[in-house]
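All figures in this text were calculated on a predicted structure; none of them were measured in a lab.
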Amino acid sequence: MFETIMKEYNQNKKGLDKQDEILRRQIGMLAEPMTKKVLHGLNANIAILHQNEQIIEKETKQLLKETAQLQKESQQWQILYNNLNETLKKVGDIVNFAQIIENELQELCES
């Protein structure tokens, strides 16, 4: 009796194993197109991301270049402003000095 049960079990197991193998193959065949579509979509998105990354890197380099140029020009303008300011101070000092001399001469002439 035990042998009969074992034979039935082994036969059922072989049948189930065959069904499992058939189902695995069917699942693999059904999943393959979906997997390909998913991979294709991911690859397309990755390609777009890569292109965007290249564009961003290019624009970043350009922005760094322009920023350096702007900083250089700002420093030049600051130097020009400081020179102009110093010159105006000197002119103001000369005008002030001239007025002092003029006032002193008027006082001398009046006395």
Quick one: do the Glu73 and Gln69 side chains pair a donor with an acceptor below 3.5 Å?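 Result is yes, a qualifying pair exists.
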
Lys/Arg-Asp/Glu bridge criterion (N-O < 4.0 Å) met for Glu57, Lys61: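 Lys61 and Glu57: not salt-bridged.
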
Is it the case that the side chain of Asn43 and the backbone of Leu39 share a donor-acceptor pair, with hydrogens and angles ignored and the cut-off at 3.5 Å?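 Looks like yes, one N/O pair under 3.5 Å.
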
Is the number of heavy atoms from other residues, nucleotides or ligands under 6.0 Å of Glu3 CD greater than 12?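 No - once you tally the heavy atoms of other residues, nucleotides and ligands closer than 6.0 Å, there are 12 at most.
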
Do other residues, nucleotides or ligands put more than 12 heavy atoms under 6.0 Å from the CD atom of Gln78?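 Result for CD/Gln78: open.
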
I want to check something: taking the side chain as every heavy atom from C-beta on, are [X] and [Y] in contact at a cut-off of under 4.5 Å?
X     : Y     : value
Glu32 : Met29 : no
Val95 : Gln99 : yes
Glu8  : Thr4  : yes
Lys13 : Leu16 : no

What distance do [X] atom [atom1] and [Y] atom [atom2] have between them, rounded to the nearest 0.5 Å?
X      : Y      : atom1 : atom2 : answer
Leu105 : Ile100 : CG    : CD1   : 12.0 Å
Gln54  : Glu59  : CD    : CD    : 12.5 Å
His50  : Ile55  : NE2   : CD1   : 10.5 Å
Leu80  : Asn85  : CG    : CG    : 12.5 Å
Lys18  : Ile22  : NZ    : CD1   : 8.5 Å
Leu63  : Leu70  : CG    : CG    : 10.0 Å

Show, in sequence, the C-alpha distance, side-chain angles and deciding distance for Arg24 and Glu21, and conclude whether the side-chain contact (heavy atoms from CB on, under 4.5 Å) test is met. CA-CA 5 Å; Arg24 282 189 193 118; Glu21 183 62 32; 3.9 Å; yes

What verdict does the salt bridge (Lys or Arg N to Asp or Glu O under 4.0 Å) test give for Lys90 and Glu86, after you've listed the backbone C-alpha separation in whole Å, the side-chain angles of each residue and the deciding distance to 0.1 Å? CA-CA 6 Å; Lys90 289 177 184 177; Glu86 283 297 316; 5.7 Å; no

For the pair Gln62 and Glu66, evaluate side chain to side chain donor-acceptor pair (under 3.5 Å) and give the outcome as yes or no after the intermediate values. CA-CA 6 Å; Gln62 182 65 28; Glu66 290 175 6; 2.9 Å; yes

